[in-house]
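This report concerns only the one structure given below.
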There are 2 protein chains.
Amino acid sequence: MSGSERPDLDFWSFVALANRRLAEEYGFGHQLATEVLLTLNRASDLVTYDLEAAVHRPRGRSWSAFRLLFVVWLAGPLEPSGAARLTGMSRAAVSNLAKGLVGDGLLARTPDERDGRSVRLSLTAAGQAEMVDVFREHNEREAGWTAVLTEAEQRILVMLLDKLITGHREFEARNRR
Amino acid sequence: MSGSERPDLDFWSFVALANRRLAEEYGFGHQLATEVLLTLNRASDLVTYDLEAAVHRPRGRSWSAFRLLFVVWLAGPLEPSGAARLTGMSRAAVSNLAKGLVGDGLLARTPDERDGRSVRLSLTAAGQAEMVDVFREHNEREAGWTAVLTEAEQRILVMLLDKLITGHREFEARNRR
DNA sequence: ACGAACTAGTCAATAGCTGAACTATTTCCC
DNA sequence: GGGAAATAGTTCAGCTATTGACTAGTTCGT
């Protein structure tokens with residue numbers, strides 16, 4: 001039975017199969033954890049891929065470039081290290097991306113007056129205009145994704161994900177001392 | 001006020017700030033959708049990065065390589081295209097990864113008897129042993145992440161993410177006709 | 001049974017990310 | 001005040017994954 005064909009396996013039946021085999025054949029103890037994280041990653045990948053392919057690639061922009069522009073747009077002039085923190089990218093990635101976006105005239109890099117090592121990233125007028133424009137489309141498509149959940153469900157989802165992130169960070173901090 | 005410094009901004013206060021500005025200054029209508037998807041991506045990135053850095057990189061294995069081995073391990077001998085579907089990667093990515101893993105002796109590639117174009121990927125004995133071993137550690141760390149949620153909360157989370165994925169796929173299918 | 005259309009897998013070129021080394025500035029401390 | 005340690009940002013080398021073109025094999029229609 002184990003070597004048989006499974007031509008019609010999709011993601012969900014795979015999760016079910018994995019659950020069963022991990023528990024019954026191998027005796028691993030945390031199947032629900034695996035299921036949660038498998039599903040979490042799948043959902044994130046699908047949404048991200050869809051938004052990038054539908055909204056950003058057609059305009060010649062990468063997903064990462066959008067994320068960087070997004071935080072600079074909304075969090076005002078920002079140091080590269082701050083942008084890296086908010087987006088979750090490395091400082092090197094921010095530096096490389098910013099180089100391209102400055103070249104395209106969307107981003108300005110002005111030296112910090114108080115700290116000669118530092119630099120502030122801000123949107124140019126063109127960058128501001130592009131973000132207002134592109135985010136309209138982005139936001140509509142986001143709404144298309146979340147529309148299958150009620151508002152209450154969406155709030156619960158945010159709350160649970162928040163708990164996952166925050167709770168684990170506290171756990172880490174406690175164990176690192 | 002808009003050009004002032006925000007040195008202590010973290011992810012959560014950024015989300016709050018973004019929410020406020022998108023609604024009040026720009027009048028976008030779907031802030032909750034943005035919040036849901038921002039949080040979803042953040043959670044997925046954090047978990048994935050943590051598991052890769054803590055469990056897989058130290059053993060010289062990439063996140064993608066683990067994902068491929070994982071589906072081949074549990075879904076039995078599998079065609080590359082099936083593995084691509086289950087992992088969400090491109091067929092080319094599977095092909096490239098498989099090349100390396102065959103070289104490392106973890107994966108076997110046997111030609112399909114019925115279809116001369118096709119190929120079956122399966123774990124070698126070494127690959128099987130490595131998966132049992134590495135998944136023990138992986139699963140423990142997964143459990144460390146989800147432990148901050150009760151079992152009921154974990155089930156709700158899976159259910160909501162499931163609804164997000166499945167509901168949207170149906171929406172897409174309906175609109176594509 | 002033959003050719004057209006389709007499908008599976010691989011290859012080549014490219015883009016993007018990471019970690020590590022490097023430069024320039026600032027802060028700390030004696 | 002002066003030198004050591006710390007910090008901000010950039011650059012570079014290496015790696016990974018993706019897209020698109022290509023090859024080989026299969027299926028379907030006539």
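Reminder, nothing fancy here: chain letters follow the sequence lines and each chain counts from 1. All values below come from the heavy atoms of this structure, side chains included, with hydrogens, waters and symmetry mates left out.
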Between A:Leu123 and A:Val72, what is the shortest heavy-atom contact and its length? N-CG1, 3.9 Å

Nearest-Å distance for atom pair [atom1]/[atom2], residues [X] and [N]:
{"X": "B:Arg61", "N": "D:dT16", "atom1": "CZ", "atom2": "P", "result": "10 Å"}
{"X": "A:Arg67", "N": "C:dC17", "atom1": "CZ", "atom2": "P", "result": "8 Å"}
{"X": "B:Leu121", "N": "C:dG9", "atom1": "CG", "atom2": "P", "result": "8 Å"}
{"X": "A:Asp115", "N": "C:dA24", "atom1": "CG", "atom2": "C1'", "result": "10 Å"}
{"X": "A:Asp112", "N": "D:dA8", "atom1": "CG", "atom2": "P", "result": "11 Å"}
{"X": "A:Leu68", "N": "C:dG16", "atom1": "CG", "atom2": "P", "result": "13 Å"}
{"X": "B:Leu97", "N": "D:dA17", "atom1": "CG", "atom2": "C1'", "result": "8 Å"}
{"X": "A:Arg114", "N": "C:dT27", "atom1": "CZ", "atom2": "P", "result": "10 Å"}

Under 4.0 Å from OP1 or OP2 of D:dA17: is there any side-chain N or O of A:Tyr49 that close? no

Counting only heavy atoms not in B:Tyr49 (residues, nucleotides, ligands), do more than 12 fall under 6.0 Å from its OH? no

Nearest to side-chain heavy atoms of A:Ser90, which nucleotide of C:dT18, D:dT18, C:dT26: C:dT18

Shorter than 3.5 Å, N or O on both sides, protein versus nucleotides 9-13 of chain D: list them out with atom names.
residue: D:dG9; atom: OP1; partner: A:Pro80; partner atom: N; Å: 3.4
residue: D:dG9; atom: OP1; partner: A:Ser118; partner atom: OG; Å: 3.2
residue: D:dG9; atom: OP2; partner: A:Ser81; partner atom: N; Å: 3.0
residue: D:dG9; atom: OP2; partner: A:Ser81; partner atom: OG; Å: 3.0
residue: D:dT10; atom: OP1; partner: A:Arg109; partner atom: NE; Å: 3.2
residue: D:dT10; atom: OP1; partner: A:Arg109; partner atom: NH1; Å: 3.4
residue: D:dT10; atom: OP1; partner: A:Arg109; partner atom: NH2; Å: 3.3
residue: D:dT10; atom: OP2; partner: A:Ser95; partner atom: OG; Å: 3.2
residue: D:dT10; atom: O5'; partner: A:Ser95; partner atom: OG; Å: 3.3

Quick one: does NZ or CZ of A:Arg21 land under 6.0 Å from the six-membered ring centre of A:Tyr26, within 45 degrees of the ring axis? no

Would A:Asp133 and A:Arg59 pass as an ion pair if we require N to O under 4.0 Å? yes

pair A:Trp73-A:Phe66: side-chain heavy atoms closer than 4.5 Å: no

Just how far is it from atom CZ of B:Phe70 to atom OG1 of B:Thr87, taken to the nearest 0.5 Å? 12.0 Å

